[in-house]
Amino acid sequence: MFIQQLINGLILGSTYALIALGYTMVYGIIELINFAHGEIYMFGAFVGLILVTVFKVPFILAFLLAMAAGALLGITVEYLAYRPLRQSSRLAALISAIGASIFLSNLALLIMGAQPYTFPSPFDATVYRTSLFVISKVEIIVLASSILLMIALTLFVQRTKVGKAMRATAQDKDTASLMGININRIITITFAIGSALGAAAGVMVGVYFRTVTPTMGLMPGLKGFVAAVIGGIGNIPGAMFGGIALGIAEVMGAAYISSQYRDAVAFALLIIVLLLKPSGLLGRTAQEKV
Amino acid sequence: MIGPYYLQLLILIGINTIMATSLNLILGYTGQLSIGHAAFMSLGAYGSALVTLHFGFPFLVSLLCGALFAAFFGIIIGLPTLRLKGDYLAIATLGLGEIVRIVFLNLELTGGAVGLRGIPKKTTLLWVVLAVLFTVFILSRIIRSRIGRAFIAIREDETAADSMGINSTYYKTLCFGVGAFFAGLGGGLFAHYMRYLNPNSFGFMRSIEHLCMVVLGGLGNMWGAFIGATILTVTPELLRTVADLRLLIYGAVLVLMMRVRPQGLLGQPLRNGIPLLGRFFQQARPKL
Amino acid sequence: MLKVENVSAGYGGIKVLDRISFSVSEGKIVTLIGSNGVGKTTTLRTISGLLRPTEGRILFCNEDISKAAPHKIVEQGISHVPEGRNVFPRLTVKENLEMGAYIRKDAAGIRKDYQMVMETFPQLAQRQRQTAGTLSGGEQQMLAMGRALMSRPRLLLLDEPSMGLAPLVVLGIFEIIKEVNRQGTTILLVEQNAQVALRTAHRGYVMETGRIILEDSADALLQNDQVRKAYLGE
Amino acid sequence: MHKIILKAANICHSFGGLMALKDVDFAIKSGEIVGLIGPNGAGKTTLFNLFTGHYAPTRGEILFNNLRISGLKPYQITPLGIARTFQNIRLFGQMSVLDNVLTGQHCRTRTGLFGAIIRTRSSKKEESRAHKTAQEMLHFVNLGDKKNEYASNLSYGERRRLEIARALATDPTLLLLDEPAAGMNPQETADLIELIRQIRVKMDKTILLIEHDMKVVMGISERVAVLNYGRKIAEGTPGEVQKNEAVIKAYLGESA
Amino acid sequence: APKEPANGGDETTEIKIGMVGPLSGDAAAYGINILRAAEIAIEEANASGELGDITLKIISEDTEGDWAKAANAFTKLIDVDGVSVIIGGVLSSESEAGSDIVKDAAIPTISPSSTSVDLTKGNPYLFRNCLSDEVQAVQLAEFAVEELGMGKFAILFTKNDYGESLRDAFKNKAEELAEVVAVESFMDKDNDFKAQITKIKEKNPDCLYIAGYYTEAAKIAQQAQQAGMDIQLLGADGLCNVVFLEVGEDAVEGTYATSGFYPDDPMTAVQDFVKAYKDKHGEEPDMFAAQGYDAARIVIEAIKSKGTTSEQIREGIAATADFPGITGKTSLDEEGDTIKDVLILKVENGKFVRVR
Ligand SMILES: Nc1ncnc2c1ncn2[C@@H]1O[C@H](COP(=O)(O)OP(=O)(O)OP(=O)(O)O)[C@@H](O)[C@H]1O
Ligand SMILES: Nc1ncnc2c1ncn2[C@@H]1O[C@H](COP(=O)(O)OP(=O)(O)OP(=O)(O)O)[C@@H](O)[C@H]1O
Ligand SMILES: [Mg+2]
Ligand SMILES: [Mg+2]
């Protein structure tokens with residue numbers, strides 16, 4: 001049973017990781033807790049759903065289009081709600097983000113209604129059974145795609161010029177602009193990528209859990225944020241590990257302590273992790289230079 | 001005479017003012033990002049309601065019990081987590097808030113998911129006004145003292161504060177304790193007004209609401225907390241006239257308000273992008 | 001090469017620069033000296049586009065750059081070493097230098113210049129993989145200089161490059177400034193250390209509370225009584 | 001009179017793999033002004049950080065007035081009588097100038113939560129005493145007329161002086177100044193030198209300062225220690241140090 | 001005190017009916033469905049002229065699913081809008097928070113869906129017309145043991161008052177008749193139940209009782225199927241929504257659920273309602289909608305029989321007996337609680353069919 005629970009945690013964790021990746025991306029660059037990320041995730045799921053069910057678009061295409069739509073929405077939100085606050089405190093931007101999040105989820109409610117929609121699964125329901133555990137094809141795809149995205153994203157940020165420019169922008173915008181970096185463009189790209197990932201997560205998780213609702217972004221958005229922080233702010237592999245840590249903590253909490261205290265146990269474990277590693281699992285622990 | 005609805009709004013404004021001012025002490029003055037304030041509120045609410053129900057304590061005593069109960073947990077919980085900084089602290093407080101909520105959801109004593117019923121209605125507008133004045137009085141006294149300076153020093157630069165001989169762990173804990181005390185007071189008033197308690201109203205979104213009040217009003221400003229609490233209590237009610245569009249507009253209002261006055265209504269304007277909260281909330285600058 | 005005409009600028013409502021005018025001709029080192037807070041840094045920030053002038057205009061190679069964004073100005077060939085170094089604290093030394101060459105496309109040239117910077121600042125060579133935030137003050141200053149050089153600027157704006165540096169390094173830095181200039185980069189140098197600045201520069205301007213009060217060749221300024229008293233501490 | 005107040009024995013400190021300080025021995029006698037110089041990255045600021053408790057030494061021990069202070073936290077060390085300024089100015093920006101200095105008095109005052117709320121007699125007395133001292137400090141560094149400004153609105157030179165006033169307000173016996181003259185012009189530097197002298201004469205403090213401006217170091221120090229790559233390579237009077245071959249090679253350069 | 005609507009000189013009397021429930025947030029689906037159905041009932045009543053010159057007007061207030069905000073909604077409806085009667089709250093906590101408010105204001109209130117134990121006890125102004133959890137759970141437990149021959153039960157309940165009271169009732173009965181081997185919980189709106197399912201699977205039960213709502217229940221069914229659990233699923237009225245069938249697909253085949261409402265019931269009242277609802281909103285009404293419709297009907301009948309003041313409406317509602325609702329024959333006991341028949345539905349070929 002332990003192995004099965006571990007796998008359960010791993011899969012649940014990778015759904016969090018999918019969300020956390022986009023989260024941490026934006027978070028790492030402009031140090032903004034992009035509260036609306038959960039709504040972009042929801043939006044992506046809806047776009048994917050509508051394309052597949054109403055327009056009968058093939059899944060892969062719908063997936064890509066949803067990512068594009070997510071990117072577009074992310075850019076719009078950034079432009080309207082965050083850019084005007086670029087020079088202000090992080091908290092002001094946080095409140096603006098909360099406002100944007102409330103706005104978007106209620107807009108979706110108005111348009112789509114409150115009933116959950118069912119996402120038709122594009123994958124067959126194959127289940128692989130071993131003596132120790134059971135895993136389905138969708139689960140493998142979810143896990144694999146989160147790992148792939150993490151690797152791709154890490155390489156992008158660490159190795160490419162744009163990625164480095166993102167990190168530079170994250171650390172000091174003025175100085176970055178003195179290097180010839182177009183700050184607005186970099187931030188736009190960041191939001192585009194982060195939001196596309198958010199939308200991708202929405203579609204993946206929508207397919208995996210089968211339902212799409214206007215409020216589906218809230219909890220996962222929160223968990224994505226938690227995962228991103230647990231992993232170390234702005235750290236892409238960290239987001240992945242943070243997500244998985246959260247998933248496993250939840251599952252183990254439910255399995256071995258009490259399902260009634262599932263989230264409580266998960267949070268308690270994570271707080272303990274933070275106390276041991278105050279800047280996240282993979283965060284830099286370098287001593288502050290005085 | 002004002003009607004019950006407006007009376008209720010006034011009372012809620014008062015309670016929210018207490019919540020916002022006490023969070024302001026933690027966030028605005030000491031610079032600690034806490035998003036678990038609702039948990040302290042619930043501790044105070046349940047604490048005071050339980051002593052009223054089980055021991056029949058007089059109202060004032062039960063309020064005090066609730067507040068002390070919250071303060072006690074504020075300190076116990078705060079002590080280990082206050083080592084954390086910035087968003088890491090935020091996550092820890094968020095997590096603790098959720099833990100408190102889930103515990104209440106499962107405790108027999110507090111009625112679990114069904115909630116706690118039959119709390120006598122004791123809170124009146126007069127009590128609320130007195131409690132607000134009391135809170136503001138005590139908090140401003142603290143802020144205008146050596147302790148308040150220590151709080152602000154920690155907010156501005158913890159390293160430098162350490163160098164002034166300020167034991168930042170002690171003061172952060174103290175600040176959480178005091179903040180939790182008043183949050184608990186607000187919770188007690190709330191419980192004895194609503195006559196019913198259920199953990200689900202003390203979740204993460206409630207904490208976020210408190211946060212919005214403080215930021216909207218202006219960090220580190222007592223009046224700001226009051227104004228923020230008033231606006232965010234009244235706005236959703238005013239918007240009831242637009243039914244379907246209510247929260248849609250509410251969200252847009254939050255965005256617009258921040259656009260117009262990013263420093264909060266009564267906050268100080270920023271100097272060249274250096275936010276009110278000094279280094280801490282600014283994007284990382286090189287520390288030379 | 002650079003012409004600043006009647007430029008005013010400031011922060012929020014506060015006007016810091018009051019219709020200042022000066023020019024920097026190609027191939028020269030020009031220095032701007034003045035006490036703390038007179039607006040030297042503000043001047044440089046206005047030139048590099050971090051601040052918008054409220055009036056007047058700035059011409060670079062006869063093109064008006066007063067409304068251009070900072071990154072456009074860099075592309076024009078102006079590079080700014082900001083006061084207080086402002087290195088990217090969580091990028092490594094190497095990555096910081098690479099950011100300096102952000103606008104360049106010639107990989108080979110970049111590699112060559114990277115070597116050049118490593119030779120110029122051997123102390124940085126030992127710390128290529130260290131994150132810049134943990135460098136000592138002086139090391140950060142070197143890094144900021146090196147980073148600016150990596151963009152191969154036509155005009156280099158230097159804001160107090162000697163601040164916090166060991167005497168030996170200060171001498172070295174000014175040697176480097178001269179050397180860079182000899183290789184064809186025009187330099188606008190802001191310095192507290194007026195003595196060295198005037199000895200290095202060809203021409204100097206003296207600022208006082210948002211205005212330029214004196215301008216002359218550097219040698220002449222070194223001899224100027226007023227300057228000697230106020231800025232050379234004699 | 002000339003008793004040793006600070007003594008560091010065999011101090012080593014490493015950051016990860018990097019040895020920033022290696023076997024440094026160092027002592028300061030009461031009433032001295034000592035200069036600490038050395039190339040950039042030599043470990044001077046790190047040494048300060050060890051003295052004030054911001055880091056704990058990897059090896060070695062530090063005694064202050066015969067009390068072992070290595071391993072203590074900054075807030076424990078400051079009350080014992082060591083105060084510092086920072087290389088990069090670290091003021092409380094959104095606090096008034098006066099409040100900055102009052103904060104310096106923190107470890108010399110006692111008022112607790114109760115006293116603060118009730119405003120007891122003793123807390124009022126203490127507060128007015130603190131105000132008086134703070135005003136004196138501000139006048140001393142010539143910032144008397146700026147006391148109600150926000151610290152972040154001060155000019156650079158003023159900030160440096162405010163930091164010194166704030167440090168003095170902790171009533172230290174030993175004052176550590178990290179590059180107090182950085183970014184100042186010659187006139188301001190001259191004023192600063194005068195100020196440091198006054199601190200010693202009028203306030204009877206022992207001073208250790210890091211500085212790259214030789215006019216300052218050689219002008220006021222009685223003794224100068226030189227660090228290079230984490231090791232102490234020379235120590236002596238300014239005259240001796242200036243002539244020291246190793247110091248010239250590593251730090252001063254020929255022409256200085 | 002309740003305010004009578006001012007209708008000086010008009011021939012028609014307008015009665016305002018308040019509605020309190022979550023119209024946004026996580027629980028919005030429940031509130032919106034109830035509101036839609038109540039609106040249909042009221043439009044029908046106004047159109048049919050059954051109330052003579054009385055017209056009804058519904059005023060709805062959103063709670064966002066938060067009971068504290070529900071308190072504002074109740075007070076506002078009573079104090080500002082002057083409603084004579086309220087339908088709501090939807091969630092139990094909302095009704096709990098409103099309980100004292102409506103009692104103080106003497107405004108009769110009928111909740112279409114708040115199931116928490118003893119909710120209406122001691123409050124003469126608070127009523128409800130939803131199936132009692134006790135009755136549902138007990139009857140299903142008996143049915144499972146006696147008709148289906150089940151012996152080893154597992155329970156998976158949602159961590160709110162609905163899930164808890166179902167769990168309590170089911171567990172007691174099932175333990176009495178057979179054996180309960182596992183009891184696990186989950187949170188509303190959870191997506192992942194594998195940890196609980198894995199745990200339950202270890203215990204090898206032959207039957208799983210899901211005390212929760214349709215979305216989560218469907219996912220549980222699916223995940224259980226995927227985990228290789230071959231198990232009989234049981235549930236309560238919370239399952240009865242098409243979403244359960246759509247999401248659950250073949251995993252929910254064979255599930256038995258108690259319900260008060262069966263949309264394929266040939267009864268004309270039911271068919272009329274289903275048609276009206278479908279025409280207006282394009283989807284099949286669920287149990288919430290049906291109960292909302294019935295709550296509104298009970299109010300209308302009360303007005304018809306007793307009169308238009310709040311007190312009269314209260315008397316009318318309290319007197320409800322053998323009311324032929326679309327959710328079955330409904331009577332209210334002296335505490336204001338419902339007495340109603342329980343149906344048992346089974347999922348067959350992707351549709352609910354009535355088995356009892
Ligand atoms: N971000 C800012 N916001 C508001 N005022 C500012 C800001 N930066 C500088 N100032 C003010 O503008 C004036 C000029 O500052 P500036 O930094 O240009 O001086 P400077 O000549 O470079 O001085 P220093 O030698 O100290 O670097 C000063 O009075 C300063 O207080
Ligand atoms: N927190 C840290 N992490 C890693 N390395 C550090 C840290 N702090 C300092 N160092 C390194 O230790 C060495 C000594 O630094 P220190 O700041 O003491 O130099 P310094 O003598 O004060 O130089 P400067 O005169 O330039 O200020 C430097 O090489 C620096 O890079
Ligand atoms: Mg300057
Ligand atoms: Mg140093």
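Throughout, a chain's letter reflects where its sequence line sits, starting with A, and its residues are numbered from 1.
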Can you tell me how far apart CZ (Arg167(A)) and CG (Asp172(A)) are? Round to the nearest 0.5 Å.
15.0 Å
Need one label for Leu89(B): side chain, backbone, both or neither, based on atoms under 4.5 Å from any heavy atom in chain A.
neither
So for Arg83(B), is it side chain, backbone, both, or neither that comes closer than 4.5 Å to the heavy atoms of chain A?
side chain
Identify which part of Leu84(B) has an atom lying under 4.5 Å from any heavy atom of chain A, answering side chain, backbone, both or neither.
side chain
Side-chain donor-acceptor contact under 3.5 Å, Thr188(A) with Arg83(A):
yes
Using the ring of each side chain (for Trp, its six-membered ring), is Phe46(A) parallel, tilted or perpendicular to Tyr117(A), with breaks at 30° and 60°?
perpendicular
With only heavy atoms counted, which part of Leu32(A) is less than 4.5 Å from chain B, the side chain, the backbone, both or neither?
neither
Please flag which part of Leu275(A) lies under 4.5 Å from any non-hydrogen atom of chain B: side chain, backbone, both or neither.
both
Chain A contact via Leu96(B) - side chain, backbone, both or neither, heavy atoms under 4.5 Å:
both
Part of Leu94(A) within contact of chain B (heavy atom distance under 4.5 Å):
side chain
Between atom CD of Gln32(B) and atom CG of Leu23(B), what is the distance when rounded to the nearest 0.5 Å?
11.5 Å
Any side-chain donor near an acceptor of the partner, Ser96(A) and Arg259(B), under 3.5 Å
no
Can you tell me which portion of Met257(B) sits under 4.5 Å from chain A's heavy atoms? Options are side chain, backbone, both or neither.
neither
Assess whether atom OH of Tyr170(B) is packed by more than 12 heavy atoms of other residues, nucleotides or ligands within 6.0 Å.
no
4.5 Å side-chain heavy-atom contact, Tyr79(A) and Phe191(A)
no
Tell me, out of Leu245(B), Ile208(B), Leu256(B), who's got the most heavy-atom pairs with chain A below 4.5 Å.
Ile208(B)
Going by the angle between their ring planes, with limits at 30° and 60°, are Tyr46(B) and Phe104(B) parallel, tilted or perpendicular?
parallel
Is Ile271(A) in contact with chain B via its backbone, its side chain, both, or neither, using a 4.5 Å heavy-atom distance?
side chain
Could you have a look at Ile102(A), Asn106(A), Leu80(A) and say which one has the most heavy-atom pairs with chain B under 4.5 angstrom?
Asn106(A)
Heavy atoms only, distances under 4.5 angstrom: which of Ile230(A), Leu109(A), Val226(A), Val265(A) has the most pairs with chain B? Name it, please.
Val226(A)
Decide side-chain hydrogen bond (donor to acceptor under 3.5 Å, both in side chains) for Tyr27(A) and Asp87(B); before the verdict, give the C-alpha distance in whole Å, the side-chain angles of both, and the deciding distance to 0.1 Å.
CA-CA 11 Å; Tyr27(A) 192 21; Asp87(B) 293 336; 2.2 Å; yes
So which part of Leu274(A) gets closer than 4.5 Å to some heavy atom of chain B, the side chain, the backbone, both or neither?
both
Hey, which of Val255(B), Ile249(B), Leu248(B), Leu216(B) has the most heavy atom pairs under 4.5 Å with chain A?
Leu248(B)
Given that the side chain runs from C-beta out, which part of Val100(B) has a heavy atom under 4.5 Å from chain A: side chain, backbone, both or neither?
neither
Okay, Ile33(A) and chain B: the region with an atom under 4.5 Å from a heavy atom over there is side chain
If you measure from the Lys or Arg side-chain nitrogens to the Asp or Glu carboxylate oxygens, is any gap between Glu158(B) and Lys172(B) under 4.0 Å?
yes
I'd like to know which of Asn106(B), Val215(B), Leu247(B) tops the heavy-atom pair count under 4.5 Å against chain A.
Asn106(B)
Side chains of Lys85(B) and Pro278(A) in contact at under 4.5 Å (non-hydrogen atoms)
no
